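What follows is a set of notes on a single structure, which appears directly below.
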Amino acid sequence: MDITKQLDLSDVELKFDDQSEAGTFSGYATKFNSVDLVGDTILPGAFTKALQNVGTLPIFFNHDSYDIPIGKYTKLEQNARGLKVEGQLILDIPKAKDVYAAMKAGVVSGLSIGFSCAKDGYEKKEGEPGYTYKEIDKLREISICTYPCEPKAQITAVKSEDVEQLKTVRDFEKFLRDSGFSKSLALAIVSRAKQIFADDLRDSEKQTKQHELDALKRLNSYL
């Protein structure tokens, strides 16, 4: 299961040290034992396995992993409070300089954590919404991002078992609604998806017929 959690930088205690090298920042990317907006909780020590093989984690802005990274995390560690990070933005990169200025001014106030978790690494809470995460397999990214205004957009989770349970168009629409999309937007997405699938099917049928005709022509040439 791949998870992406978007957090307010004020909640993760992001700090800028004027005495340190320009472009550096530190803070807590995750607080252990806290309950987020969808009821999820990350337990102490959950990142032990992920941190063993994390390597150098680049910093992106707004998940733009196709662009040049704007920096890297120089330190990742977990303690009793949570996952503490230290980052270095490369201010020679214009975007990094802009992002750093926006962060210090407080107009960019989002931090998004992406990680992967095996089925035995989490469990559904009993009698209440949300999941408890005990072991995280891989830390995929910690992006700096613009904080969303819509509360439901602050935390998103895509669970593979939920997607596999989708059997009908109505199931798909409900899944989108539960993920925070408005009814009108969910209907628009479903309608567009049906049109795309229908177009693809027609194109596939055309290609199949063309292949059959080509095969007949080649056969006739040998007769």
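Because the structure is predicted, anything quoted here is derived from the model rather than measured.
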With rounding to the nearest 0.5 Å, note down the distance linking CD in Q52 to CZ in F47. 13.5 Å

Polar side-chain atom of N79 near backbone of R81 as donor-acceptor pair, under 3.5 Å: yes

Which heavy atom of F61 sits nearest a heavy atom of K95, and at what distance? CB-CD, 4.3 Å

Taking A101's backbone N and O only, do any of them form a donor-acceptor pair with D98's side chain (distance below 3.5 Å, no angle check)? no

Same apolar cluster: I42 and V54, side chain cutoff 4.5 Å: yes

Please walk me through it: do K134 and D120 pass salt bridge (Lys or Arg N to Asp or Glu O under 4.0 Å)? CA-CA 8 Å; K134 302 175 293 183; D120 58 355; over 6 Å; no

By side chain to side chain donor-acceptor pair (under 3.5 Å), which residues pair with K84, not counting sequence neighbours? none

Please report the shortest heavy-atom distance between A50 and L139, naming the atom on each side. CB-N, 3.8 Å

Which label fits Y122 and Y131: parallel for a plane angle under 30°, tilted from 30 to 60°, or perpendicular past 60°? perpendicular

Are Y100 and F25, when compared by the centres of their aromatic rings, separated by less than 6.0 Å? no

Regarding Q78 and T48, do their side chains bring together a donor and an acceptor under 3.5 Å, going by distance alone? yes

In terms of side-chain heavy atoms, does K124 have a donor or acceptor partner in T132 at a distance below 3.5 Å? no

Can K97 and D92 be counted as an ion pair, charged N to O under 4.0 angstrom? no

What verdict does the side chain to side chain contact (heavy atoms under 4.5 Å, CB included) test give for Y133 and L43, after you've listed the backbone C-alpha separation in whole Å, the side-chain angles of each residue and the deciding distance to 0.1 Å? CA-CA 6 Å; Y133 295 95; L43 298 182; over 6 Å; no

Is it true that I93 and F60 fall in one hydrophobic cluster, defined by side-chain heavy atoms closer than 4.5 Å? no

Distance (rounded to the nearest 0.5 Å) between I90 CD1 and I68 CD1: 9.0 Å

Could you give the distance from CD1 (I113) to CD (E141), rounded to the nearest 0.5 Å? 10.0 Å

Does the pair I142 and I59 meet the rule for a side chain to side chain contact (heavy atoms under 4.5 Å, CB included), with working shown? CA-CA 7 Å; I142 305 176; I59 300 173; over 6 Å; no

Starting from the C-alpha separation in whole Å, work towards a yes-or-no answer on side chain to side chain contact (heavy atoms under 4.5 Å, CB included) for R192 and L187. CA-CA 9 Å; R192 182 57 179 161; L187 287 172; over 6 Å; no

For atom CG of L51, is the number of surrounding heavy atoms from other residues, nucleotides or ligands below 6.0 Å larger than 12? yes

Step by step, would you call K125 with T41 a side chain to side chain contact (heavy atoms under 4.5 Å, CB included)? CA-CA 9 Å; K125 292 183 177 180; T41 298; 2.7 Å; yes

Taking atom NZ as the centre, does K138 end up with more than 12 heavy-atom neighbours from other residues, nucleotides or ligands that are less than 6.0 angstrom away? no

Are any side-chain N or O atoms of S116 and backbone N or O atoms of D137, one a donor and one an acceptor, separated by less than 3.5 Å? no

Going by heavy atoms in the side chains, are K72 and L57 under 4.5 Å from each other? no

Backbone N or O of Q88 within a donor-acceptor pair of the T24 side chain at under 3.5 Å? no

